[in-house]
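What follows is a short report on a single structure.
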Protein chains: 2
Amino acid sequence: MARATIHDVARTAQVSLATVDRVLNNRGSVAAKSVKKVQDAVARTGYVRDQFAANLSRGNGYRFVFLLPAGQSAFVRKLIAEIARESDLNRKDRVHIDIRSSKTFDPVSQVASLRQIDPETTDCAAVIVSDVPQVRAELTRLRAAGVRIVSLVADVQAEARDIYVGPNNEVAGRMAGQFMGRLIREPVGPVLVIAGSLAARDHAQRLLGFRQVLQNDFSGLTLLPVVEGFDDAARIADLVARTLDAMSPVGIYAIGAGNAGLVAALRRANSAFRPVTIAHESTDATREGLRDGLIDLVIDQDPGRAVTRAVRLMRDMADKQAVPSARGEIPLSVIIKESLS
Amino acid sequence: MARATIHDVARTAQVSLATVDRVLNNRGSVAAKSVKKVQDAVARTGYVRDQFAANLSRGNGYRFVFLLPAGQSAFVRKLIAEIARESDLNRKDRVHIDIRSSKTFDPVSQVASLRQIDPETTDCAAVIVSDVPQVRAELTRLRAAGVRIVSLVADVQAEARDIYVGPNNEVAGRMAGQFMGRLIREPVGPVLVIAGSLAARDHAQRLLGFRQVLQNDFSGLTLLPVVEGFDDAARIADLVARTLDAMSPVGIYAIGAGNAGLVAALRRANSAFRPVTIAHESTDATREGLRDGLIDLVIDQDPGRAVTRAVRLMRDMADKQAVPSARGEIPLSVIIKESLS
DNA sequence: TAAAAAATGATTGGCGTTCCTCATTTTTCG
DNA sequence: CGAAAAATGAGGAACGCCAATCATTTTTTA
């Protein structure tokens, strides 16, 4: 009943404790057949390393870094709050989390921030960065130096990270497309799409998915040229107001942030007719929009969940558990007026 | 930089290690002013108990029990799989999870199962049970004996458990209502609602929320008398087939399980017209329904998330951390054809 | 076959707690 | 004031593993 310890393993393998230790922590200097004996014994006894004892003995715990875009976007603020919470909760388990930031959409700044990460003092880093060559090179360097990399919310090329934690953004776009088509009572007319920046991989993927569905299932809906709002509320408000007047779109899909501008413009619109509007992320602005009937539906990725998942995976990776516990994909949820608390 | 230990606390409090220990683990026999000195020192040093060392020393880890309805419902199967996964993942942290089952919807069997839980050997239990007096009494007894209780997926009266982990089912019903109203191009006509059993608190709450929205926002939609399907596929297939013929409903809301029957009936229906159909839980049956256009939307609660959350909260409670880390509410997600992988 | 190299064994101290026991000191109260 | 009670101090063993060192045995190679 009691769990097996290295002593048990040593005994059933008929080798010394030292040899078991050498195998388990691969310190080398052990014959192939001894390795096998130990591995068999591990299997037979059902030995699982006691992570408490291991950590206690090693002395060091888990040292993680989160690298986020700077700035006051509501989403980032929520992320930071969640990370802080997670940090508190895990302090008793010796988890230390350091939050740093780099300029949004600025690869140069991101590279600089990545350079600041010291492989000696960090086990794992979760980053939100652009998927461009310089950044990838820096990530690869860090990985080679022993820092495990988690790409958060927006993925990068698979070779540059260990795991991605975030939603499937193409699916998000497809969901937006489907709801757009179905929530418009008569799906014919122009649709306005506002992205933050198409250089951001998550935004590009959402657009891709959205387009697919509209083309396939709702050919009556036509896409107006996609505009980039750079997550700036004032700019977006202006954009939306003008498009509403000029084109009378039947739908609006806001891919990125800055939705306070969207809501403001919709509120001011004088027309009796209101386009079906879909946005991303549950924030004050989008919730206000939902509540007042200006936004029909919000596709949300729960930042709390992403953070929890990321920390968990980071712990697993730091524990050198071969198979990280879970997949990093986090589900998307759909919020409508009714689902507001 | 290094984290504070009880030694540090003892030193800054100017008391002995033994006294610190007495205070921290309230073993009594310590003067009020000493208690204060220690508490101040804890605050000043930022001491947080090292859970690794504590567990190692205590020898025992975490002993949890999950009590689920028996039976082969897809949802329960998923739950079991998730619990097993979670159990594996946490084995290295000395978490031992025992899964037991009781007859579905049968309070007598539930009470019997609860009686089997030995307070001596279990720290915490997560249960899916009916919210009836006999069961509540048994839960209360267990809590008094030192077993922390988590109500899972379906809540019970607040006094009978420590925390609820699951979705807000009234909100789920409201979401279903809103989507029902909006996805029907012309929301006028009868709507069929199939519940599992209205004695199940989660089902009753969903119905409540659904009703609210229909009455308020879509008065053109009328509710047919709610039928109970007891999560039995054959029975439900029959029910649906007959209602389709007799009443031509414009919408169907399936509150509970047994959706294989729903899908089968819809597939066989010969009418060109198909009612807007909303169901719960992502299972093989509902996914098949979505894929083939028989179901329009599924409201899902991710069992993996519920289990993860439950285990985490149980660990926190077992650690005697005063404030359990997180709220137990887990988000609902909406699945449509497009969001299928 | 002897010397060098590789593999293995034996042992130790420590990580931060918990949970004891056994003094010793301080406080309380008749 | 003195005896009993309460509070405190001091110390040690244990939990399971890690990271060493040093001695000894086995294997390889010239």
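All chains are named by letter (A, B, ...) in the order of the sequence lines, taking the proteins before the strands, and each is independently numbered beginning at 1.
Ionic pairing of B:Arg136 and B:Asp131 is present here: one or more N-O contacts between side-chain nitrogen and carboxylate oxygen are shorter than 4.0 angstrom. Note on B:Asp40 versus B:Lys37: no salt bridge recorded, every NZ/NE/NH1/NH2 to OD/OE distance being 4.0 Å or above. Salt-bridge check for B:Arg315 with B:Asp93: passed, with a basic side-chain N closer than 4.0 Å to an acidic carboxylate O.
Following rounding to the nearest Å, A:Asn25 (CG) and D:dA19 (P) show an atom-to-atom distance of 6 Å. The nearest whole Å value for the distance from the CZ atom in B:Arg22 to the P atom in D:dA10 is 11 Å. Here the P atom of nucleotide D:dC18 and the CG atom of A:Leu17 are 11 Å apart, to the nearest Å. In this structure, B:Gln14 places its CD atom 20 Å from P of D:dA7, rounding to the nearest Å. A straight line from NZ of B:Lys37 to P of C:dT26 spans 12 Å, rounded to a whole angstrom. Whole-Å rounding puts the B:Arg58 CZ to C:dC20 P distance at 12 Å. As rounded to whole Å, 19 Å separates atom C1' of C:dG14 from atom CZ of A:Phe52. One can place CG of B:Leu56 at 12 Å from C1' of C:dG14, the figure rounded to the nearest angstrom.
Inter-residue side-chain proximity for B:Asp21 and B:Ile6 is flagged as unmet; no heavy-atom pair is nearer than 4.5 Å.
Counting only heavy atoms from C-beta on, B:Ala31 has its side chain closest to D:dA7 among D:dA7, C:dT18, C:dG9. Of the candidates C:dA10, C:dG16, D:dC17, D:dC17 carries the atom nearest the A:Asp50 side chain, counting heavy atoms from C-beta on. Among D:dG16, C:dG16, C:dG9, the nucleotide with an atom closest to any side-chain atom of A:Val15 is C:dG9.
OP1 or OP2 of C:dG9 sits under 4.0 Å from a side-chain N or O of A:Thr19.
Residue contacts for A:Ala54: at a heavy-atom cut-off of 4.0 Å it reaches the sugar-phosphate backbone alone, with no base atom in range. Base engagement by B:Ser29 is indicated by at least one non-hydrogen atom pair under 4.0 Å involving a base atom. Residue B:His7 is classed as a base contact, given a heavy-atom separation below 4.0 Å to a base. Among the heavy atoms of the strands lying under 4.0 Å from A:Asp21 is at least one base atom, whether or not backbone atoms are also near. Nucleic acid contact for B:Asn55: none, since no nucleic acid atom lies under 4.0 Å from a heavy atom of the residue.
Looking at which nucleotide of DNA chain D each of A:Lys33 and A:Leu24 is closest to, the 5′-most match is held by A:Leu24. Nearer to the 5' terminus of DNA chain C, by closest-nucleotide assignment, is the contact made by A:Ser34 (compared with the other of B:Arg27 and A:Ser34).
Between the side chain of A:Ser57 and the base of C:dG14 there is at least one donor-acceptor pair of N/O atoms closer than 3.5 Å.
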Full working for side-chain hydrogen bond (donor to acceptor under 3.5 Å, both in side chains) between B:Asn55 and B:Tyr62
CA-CA 9 Å; B:Asn55 284 331; B:Tyr62 306 91; 3.0 Å; yes
